[in-house]
Each structure stands twice: as C-alpha cells, then as structure tokens.
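Remember, it's a predicted structure, so these values are computed and weren't measured experimentally.
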Amino acid sequence: MNLKKIVQRAVAVTAAVLVLGIIASLPFYFHDMSQMNKNLKAASKTISSPYGTIEYIDVEEGTPVLISHGTMGGYDFGLLQAQGYLNGKYRLIVPSRFGYLQSSLPDDSTFEAQADCYAYLLNALGIERAVVEGMSAGGIPAIQFAIRHPDKCSGLILLSTVAYAPPSEYIPQNLPVPGFVYDALLNSDYLFWDILKLSPSTVLGIVGAFDDLKKKCSREELQILDRMAWSFMPVSRRYDGWKQDAENINRLKEMPLGKIDAPVIIINAEDDTIAPQAWSSHTAENIPESRLITFKTGGHMLLGHMAEIKKLSDDFIMTLTEKNRI
C-alpha cells in the first residue's frame, strides 16, 4: 500500500471515530443542557424595567452587597464570585448584566446605563444603599454606579477590574488566547461542553486561571474554580453580553473618578495580563478615598488569595458600618 492510501485511510478512520464520538456524546450533552437551563431558570427572578428584563437573585440577610459579575458571567457566576471573595454574611443582590442569560440587551447597553439599571433594581427591592463588588469588566459599571448614584453607594470593592488608563500609562490586555478563539468558543455550547468534559483546565486558562497558579490554591478555591468553569455554560446565552462588554471596553474613556466620595478598596495582582496593574493603579490614584492592594501573583482570578480577600472585604464592610455609611 502506498503512502497516499495509508494517509487517506488514516484520515477516514479518524473522521469516523470523531463522528461516532459526537453521536455517542449527544444524549449526554442534551441531558446536561436541559438540566442547566432548568436550574438557571428556577433559581432566579426577573422584573420588567426601562432597561428591559432584569434577571437577578436576592439571597441571605445582612448588609446589602450588589455583585457586578465579570465577563462570561451571569447571576450564577456572580454568586460564585461572592462566595469566593466574601464570607457570605451579607444580603447578596446579584443581577445578570445586560445580555447575560435572561437579562435584556437594551439599545443603550453602555456601562453607564448598566449602573443606572443597578440603581433601578435596588429601588425596586427597597434597598436604599449597598456596597458594590465589581470584578473584571463588572468593575466599570460598579465605578459608574459610585459616580452616578453616590447616595446609593456605601462603598466599592473592585477585584481585577478592567478600567481606563491614559495613553502614557496604558498597558494593553494580553489575553490568554486570541479574540477569535473566544468568539468561536462562546458561539458553541457543544464545543464548550466538550472542552469542559475533556479538559476543564483549558477553560480556566481563558480566564487566566493557569495550572501554575492553581498549585497555590486551597481546596476550597479549587472547588469554586471548578464550579466557575461550569457556570459559563450555556455559553450561547452569555455571548451577547460578552460581545457588548468587548465593545464597551474598546470605547472606554476617562471617568470622573474624583467625584467618587465612597470609600473604595481595589485588589489586583501584578501578573494579571487581562486587567493589567496599571489600570488599577490609575483608578486608585484618582479616587479620593481609595486603597490599593496588589499581590505579586494570583493572575486575573487572584488565585491563592481568596481567604485574604475575604478578610480584607469583611474588614472594609465592617468599617463602613462603623462609620454609619450603610
């Protein structure tokens, strides 16, 4: 048999194995998708608003904390965000941001409009003031909330926040994979599901949670990371939100940070390439009452530091309470 025929046969066998693998996996995929969608819908609430449908959860009791989730999230990821970086002694209000899950993507889907949407939701729930925790791209609407609704913002906790920095200080994002890879992954529930089944570390890598950083994680952190990876599913119901985030980030301009009169704590890591330290440094330098905590390692997800961040956040919120800001 000549080489050409050997190659052709190998290709045919490989293709046949792939097709059979896909056919065999489909029942499991459809079962998982059905269960995910059912669980997502059962856990959340929705209200109508000038911004379309707002999906959210309102759980626990105590000081109100609104969670502004990161890109690829939704209320489910936001809840995990709260569990990872807070101690859970608070009333958690966790909306799905514009375009995520059941939340609408209104004509005006800017970060400013998202901040106004947060204020509308708090009013609808009868909450006068809240602490806001924003992570990654969720940090920008959190900042805008403090600027636009100072009477409703008790304080800000910003984690690995995407933010503006002037050209002289700007360091560009260095995403773990090219943009077109994100686009392909977030367009296909089946492809994303396959990768999660076969190589969950690959999924965590696209949010900067690399294996070398995971070695420093506690068991609790690793469990939360695993749940975060699965919380990206179904990705097709988060795609519109992700695209809108990307557009909004590309249009970022200087914000009037000096207007923020709420206390702010900003936490990041030097080795975060998704939201470089320069972005957080510029934000901290221009907010009057802010504190910047920078870890040497941890990446975008601040791995190995969840316990420290919980303590920092708890102490910060306790100080707000003592100062009667809440």
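Under the 4.5 Å side-chain contact rule for hydrophobic residues, M318 and I157 do not share a cluster.
The residues E220 and K310 are annotated as salt-bridged, a charged nitrogen and a carboxylate oxygen being separated by less than 4.0 angstrom. Under a 4.0 Å N-O distance rule, the pair K214/D226 does not qualify as a salt bridge. Taking a cutoff of 4.0 Å between a charged side-chain nitrogen and a carboxylate oxygen, K243 and D240 do not qualify as a salt bridge. Between D189 and R237 no salt bridge is recorded (no basic side-chain N to carboxylate O distance below 4.0 Å). Using a cut-off of 4.0 Å between Lys/Arg side-chain N and Asp/Glu carboxylate O, R129 and D151 are scored as not salt-bridged.
For D108 (side chain) and T110 (main-chain N/O), a donor-acceptor pair under 3.5 Å exists by modelled atom type. A donor-acceptor distance shorter than 3.5 angstrom exists from the side chain of S109 to the backbone of P106, with no hydrogens or angles considered. The main-chain N or O of K152 is never found under 3.5 Å from a side-chain atom of E128 such that the two would form a donor-acceptor pair. Side-chain atoms of S103 never come within 3.5 Å of backbone atoms of G99 as a donor-acceptor pair (strictly under, hydrogens ignored). The closest donor-acceptor contact from the side chain of R238 to the backbone of M233 lies under 3.5 Å. For S280 (side chain) and P276 (main-chain N/O), no donor-acceptor pair under 3.5 Å exists by modelled atom type. Between the side chain of S34 and the backbone N or O of F30, no donor-acceptor pair lies under 3.5 Å. One N or O on the side chain of S49 and one on the backbone of Y51 form a donor-acceptor pair closer than 3.5 Å. Side chain of Q35 to backbone of D32: no donor-acceptor contact under 3.5 angstrom is found. Side chain of N87 to main chain of K89: no donor-acceptor pair is present (N/O by atom type, distance under 3.5 Å, no hydrogens or angles).
Looking only at atom types and distance, the side chain of S96 has no donor-acceptor partner in the side chain of Y56 under 3.5 Å away. For the residue pair Q102 / T46, no side-chain donor-acceptor distance below 3.5 Å is found, with atom types taken as modelled. Side-chain contact of Y118 with N123: a donor-acceptor pair under 3.5 Å is absent, judged by distance alone. T71 and D245 form a side-chain donor-acceptor contact under 3.5 Å, judged by distance and modelled atom types alone. Remark: the Q81 side chain and the E133 side chain contain an N/O donor-acceptor pair separated by less than 3.5 Å. With no hydrogens or angles considered, no side-chain donor-acceptor pair links T273 and H300 at under 3.5 Å. N268 and S160 form no side-chain donor-acceptor contact under 3.5 Å, judged by distance and modelled atom types alone.
Applying the salt bridge (charged side-chain N to carboxylate O under 4.0 Å, His left out) test to every pair with at least one member in residues 295-305, sequence neighbours left out, gives these pairs: E270-K296.
More than 12 heavy atoms of other residues, nucleotides or ligands sit less than 6.0 Å from atom CG of N250. A 6.0 Å sphere centred on CD of E254 holds more than 12 heavy atoms belonging to other residues, nucleotides or ligands. Counted within 6.0 Å of CZ on R219, heavy atoms from surrounding residues, nucleotides or ligands total 12 or fewer; the atom is thus considered open.
Aromatic ring orientation, F295 versus H305: parallel (interplanar angle below 30°, classes split at 30° and 60°).
A ring-ring contact (aromatic ring centres under 6.0 Å, His included) with H69 is found for one member of F77, Y75, Y100 and no other, namely Y100.
Looking at heavy atoms from C-beta onward, I140 lies out of side-chain contact with Y164 at the 4.5 angstrom threshold. Counting only heavy atoms from C-beta outward, the side chains of V264 and I143 never approach each other to under 4.5 Å. Side-chain atoms of R91 and D58, non-hydrogen and from C-beta on, do get closer than 4.5 Å to each other. Within the 4.5 Å cutoff, side-chain heavy atoms of Q144 are placed close to those of I147.
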| field | From CA spacing to verdict: salt bridge (charged side-chain N to carboxylate O under 4.0 Å, His left out), R148, D116 | value | CA-CA 8 Å; R148 298 166 71 88; D116 296 343; 2.8 Å; yes

| task | Tell me, with the steps shown, if D76 and L101 meet side chain to side chain contact (heavy atoms under 4.5 Å, CB included). | result | CA-CA 10 Å; D76 51 340; L101 299 178; 3.7 Å; yes

| request: List the steps, then state whether side chain to side chain contact (heavy atoms under 4.5 Å, CB included) holds for S104 with F98. | output: CA-CA 6 Å; S104 297; F98 292 155; over 6 Å; no

| request: Could you go through the salt bridge (charged side-chain N to carboxylate O under 4.0 Å, His left out) check for D315 and K311 one step at a time? | output: CA-CA 6 Å; D315 290 347; K311 177 73 164 56; 2.7 Å; yes

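The OH atom of Y85 sits 4.0 Å away from atom CE of M301, with the distance rounded to the nearest 0.5 Å.
Residues S154 and L320 share a closest heavy-atom pair of O-CD2, 3.6 Å.
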